[in-house]
Structures are given as structure tokens and as C-alpha cells.
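A short write-up of the structure that comes next.
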Amino acid sequence: MRVVRFRDSAGNVRRGEWTGTDGEEIVARENYGGRLTFGDETFAADDVDILPPCEPTKIVCIGLNYADHAAETNSEVPERPMLFLKPPTTVAAHGERITLPAGKERIDHEAELAVVIAERCRNVKAENAMDVVAGFTCLNDISNRDDQRIEQNWVRGKAFDNAAPIGPVIAKPEAVPEDAHVRLRLNGELRQDSTRDQFIFSIPELVEEITRYMTLLPGDVISTGTPAGVGPLSDGDTVEVEVEGVGTLRNEIHIP
């Protein structure tokens, strides 16, 4: 099951099941939250506004969590997860035309599998980590390399508006294979293609490490790192992040 959050033609924020190969239809059900529904209602995806699938208070991102990306960048494998944060204002929705900072030499795409948290949690052991996970989605960790290279905390490099397109759905963990492909296409051309089994730190290990230091709230997101093949974005590009078992997150890029 893949759950999508959307706004209908009357302006109501709804949740429904994303059906079809690439989400051609949405079936809103009464137990999904949002507007009261009496029986199922079906919407064409093109007739509604797709919203981010969750409303995080924070996005906790992982640096260098794919063995192939570490090799690509000639980086040492970290001894513990490298963590950085993106605020809620970085979130952008599937299908949204996103505006990125002007005047930068290089802004990169980074395809990622993201974990959506189901409940308030702290000090979660790895063996219990999946109990606090609502599901998985796609995320593009868009990165401003100009500023990232010259600052230690990566605020300008990672935390600008629209730096975290996310969606289109939340898929149940069991729907996403342990070796799920994570891919990115730029204007239809495959640029990133790896599998989840390249992770240096597993999702349970990430949940344990992060919740040792901070409380995660419902809707918060852990973005699990990007595989090899990161590269630059240009004005007018169409970028697609695909996670096997989830679907495809698609955005058009605008750089003034």
C-alpha cells in the first residue's frame, strides 16, 4: 500500500491510496485521516494537488552512507553515521516546479530513500527501530556545492528553500525490498543507480544513533544517503528520483 497526501478541488487536504503503475488514481478512504469520508472516493491524480506525504519538524540526513559513493569520492568509510539537518522549509512536493538559489556554479541532485517516522521516539534500540517507522518515500537531497565547500555546518549548502523535494507517497516497509534500487534520471537519462544493500549503516542502526541524541516526532524524516553518480542541475531540468517499491518523485528545476 502506498499512501498519498493531496488537496482536492474544494481545498480539502486528504489522504488516499496511490494506485496504478505510477499513481494514475487516488482512492480516498475514511480511515486515512483528513476530511471525513463516507465510503471510498476516487480521484484522478492529475485533478488534485499532490502534497508532501508528511509534515516533518526536521529532516535528519546521512552523509556518505553508500559504499559506492564513498569510493566515488575517494572518502574514507565513516566510523559512525555523518548527520546533518534540513528544516521544514526545505520540503517541496512531487510535481512542484522548484526554485533554487541563483548565482551558484554547482547545485547537485542526490537521490535518496527516506524513512518517515510514525511516533514520538527517543533512545530506540536497533532491534526495535522498525516499530517506529511509518514507511519509506523518495527524497532529493539537493545540495549547493559552492557554499557547502566553504562552511562546516552546511546551512547554506543544504538547508535552503526547496532543498528537499519528497514524495510522492509513503510505502509500507514490507513493500520495499531489502535490495531495492535507488535511481535518478535527469531529463530522462539515468544518472544514479544503486541498491539499498550498498548501505554502510542500516536503517535500524541509523534510528538508534539518531534517537540517542534527539527526539523524533511523527512525520519526521531520516534521509539515508545517496549512491554514486551525483551531478549538477540546470535551469529547466526535469529530475526524477525512483525508489523500488515506492514510486517516482518528479520535479522541474528553476534557477533564476
Side-chain angles (χ1 to χ4, degrees), residues 1-4 18-24 45 50 52-54 59 61-73 75 86 90-98 100 106-116 133 135-143 145 158 162-203 206 221-234 236-253:
M1 181 183 297
R2 300 179 298 165
V3 176
V4 62
W18 182 269
T19 62
T21 304
D22 197 20
E24 293 92 347
I50 304 299
C54 56
I59 301 170
C61 298
I62 314 302
L64 282 179
N65 197 36
Y66 278 76
D68 56 8
H69 184 43
E72 172 188 49
T73 57
S75 301
K86 291 189 179 230
T90 61
V91 171
H94 168 74
E96 187 175 343
R97 182 174 184 253
I98 56 176
L100 303 181
R106 181 156 174 164
I107 298 177
D108 280 358
H109 59 70
E110 296 190 24
E112 307 204 3
L113 181 158
V115 179
V116 180
V133 171
F136 301 146
T137 190
C138 308
L139 188 141
N140 192 349
D141 172 22
I142 299 178
S143 302
R145 302 302 190 198
K158 294 282 193 176
N162 297 319
I166 186 171
V169 301
I170 300 173
K172 295 296 184 183
E174 57 268 23
V176 181
E178 290 293 330
D179 60 351
H181 276 268
V182 177
R183 299 185 174 99
L184 183 139
R185 291 179 176 84
L186 188 65
N187 302 321
E189 181 180 338
L190 186 65
R191 295 294 180 88
Q192 291 184 267
D193 187 6
S194 190
T195 56
R196 181 179 165 190
D197 54 10
Q198 283 282 311
F199 279 4
I200 296 167
F201 301 101
S202 69
I203 289 169
L206 295 176
V221 170
I222 299 171
S223 201
T224 58
T226 196
V230 300
L233 295 167
S234 299
D237 282 345
T238 297
V239 59
E240 297 174 299
V241 175
E242 177 190 355
V243 174
E244 184 180 355
V246 176
T248 301
L249 167 69
R250 184 179 301 105
N251 296 97
E252 182 183 341
I253 303 300

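- The salt bridge (charged side-chain N to carboxylate O under 4.0 Å, His left out) check on E189 picks up R191, with sequence neighbours excluded.
- Every ring pair (Phe, Tyr, Trp, His ring centres under 6.0 Å) that Y66 has, sequence neighbours left out, goes to F199.
- Evaluation of the side chain to side chain contact (heavy atoms under 4.5 Å, CB included) rule for A92 yields E96, I98, N162, P165 as partners, not counting sequence neighbours.
- Put simply, the side chain of V176 reaches to within 4.5 Å of the side chain of L113, judged on heavy atoms.
- Annotation: side chain of D179 is not in contact with side chain of R196 (no heavy-atom distance under 4.5 Å).
- Every salt bridge (charged side-chain N to carboxylate O under 4.0 Å, His left out) that D193 has, sequence neighbours left out, goes to R183.
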Sequence neighbours left out, cut at 3.5 Å: what donor-acceptor pairs do the side chains of residues 239-246 make with other protein atoms?
from: E240; atom 1: OE2; to: R250; atom 2: NE; distance (Å): 2.7
from: E240; atom 1: OE2; to: R250; atom 2: NH2; distance (Å): 3.2
from: E242; atom 1: OE1; to: R185; atom 2: NH1; distance (Å): 2.8
from: E244; atom 1: OE1; to: H181; atom 2: N; distance (Å): 3.0

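- Considering only residues two or more places apart in sequence or on other chains, E252 meets the salt bridge (charged side-chain N to carboxylate O under 4.0 Å, His left out) condition with R97.
- Considering every non-hydrogen atom in both S194 and P227, the closest pair reads CB-CB, 3.3 Å.
- Between atom CD1 of residue I107 and atom CD1 of residue I253 there is a gap of 8.5 Å, rounded to the nearest 0.5 Å.
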*When you look at V3 and K172, which way does the side-chain contact (heavy atoms from CB on, under 4.5 Å) test go after all the steps?*
CA-CA 9 Å; V3 176; K172 295 296 184 183; 5.6 Å; no

_Test side-chain contact (heavy atoms from CB on, under 4.5 Å) on V221 and V115; report intermediate values, then the result._
CA-CA 5 Å; V221 170; V115 179; over 6 Å; no

*Full working for side-chain contact (heavy atoms from CB on, under 4.5 Å) between V91 and C54*: CA-CA 10 Å; V91 171; C54 56; over 6 Å; no

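- Legend: residues meeting side-chain hydrogen bond (donor to acceptor under 3.5 Å, both in side chains) with S223, ordered by chain and number and at least two apart, are E112.
- Taking D141 as the reference, K86, K158 meet the side-chain hydrogen bond (donor to acceptor under 3.5 Å, both in side chains) condition, with sequence neighbours excluded.
- Taking S234 as the reference, D237 meet the side chain to side chain contact (heavy atoms under 4.5 Å, CB included) condition, with sequence neighbours excluded.
- Here T226 pairs with Q192 under the side-chain hydrogen bond (donor to acceptor under 3.5 Å, both in side chains) rule; sequence neighbours left out.
- Atom CG of L100 is separated from atom CG of L233 by 6.5 Å, given to the nearest 0.5 angstrom.
- Of the inter-residue distances, the one linking T137 atom OG1 with I170 atom CD1 reads 6.5 Å to the nearest 0.5 angstrom.
- Annotation for L64 and H69: closest pair CD2-CD2, 3.9 Å, computed over non-hydrogen atoms.
- You'll find the side chain of I166 reaches within 4.5 Å of the side chain of P53, heavy atoms only.
- Here CG of N140 is found 13.0 Å from NE2 of H94. Values are rounded to the nearest 0.5 Å.
- Taking the salt bridge (charged side-chain N to carboxylate O under 4.0 Å, His left out) definition, one finds that R145 meets it with D108, E110, sequence neighbours left out.
- T224 contributes atom OG1, which lies 7.5 Å from atom CD1 of I62 (distance to the nearest 0.5 angstrom).
- Looking at residues two or more places apart in sequence or on another chain, you find a side-chain hydrogen bond (donor to acceptor under 3.5 Å, both in side chains) between T73 and S75.
- Considering only heavy atoms from C-beta on, L206 comes within 4.5 Å of N65 through its side chain.
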*asked:* Evaluate I59 against T90 for side-chain contact (heavy atoms from CB on, under 4.5 Å), listing each step before the verdict.
replied: CA-CA 9 Å; I59 301 170; T90 61; 3.8 Å; yes

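- A pairwise comparison of heavy atoms in P168 and I50 identifies O-CG2, 4.3 Å as the closest pair.
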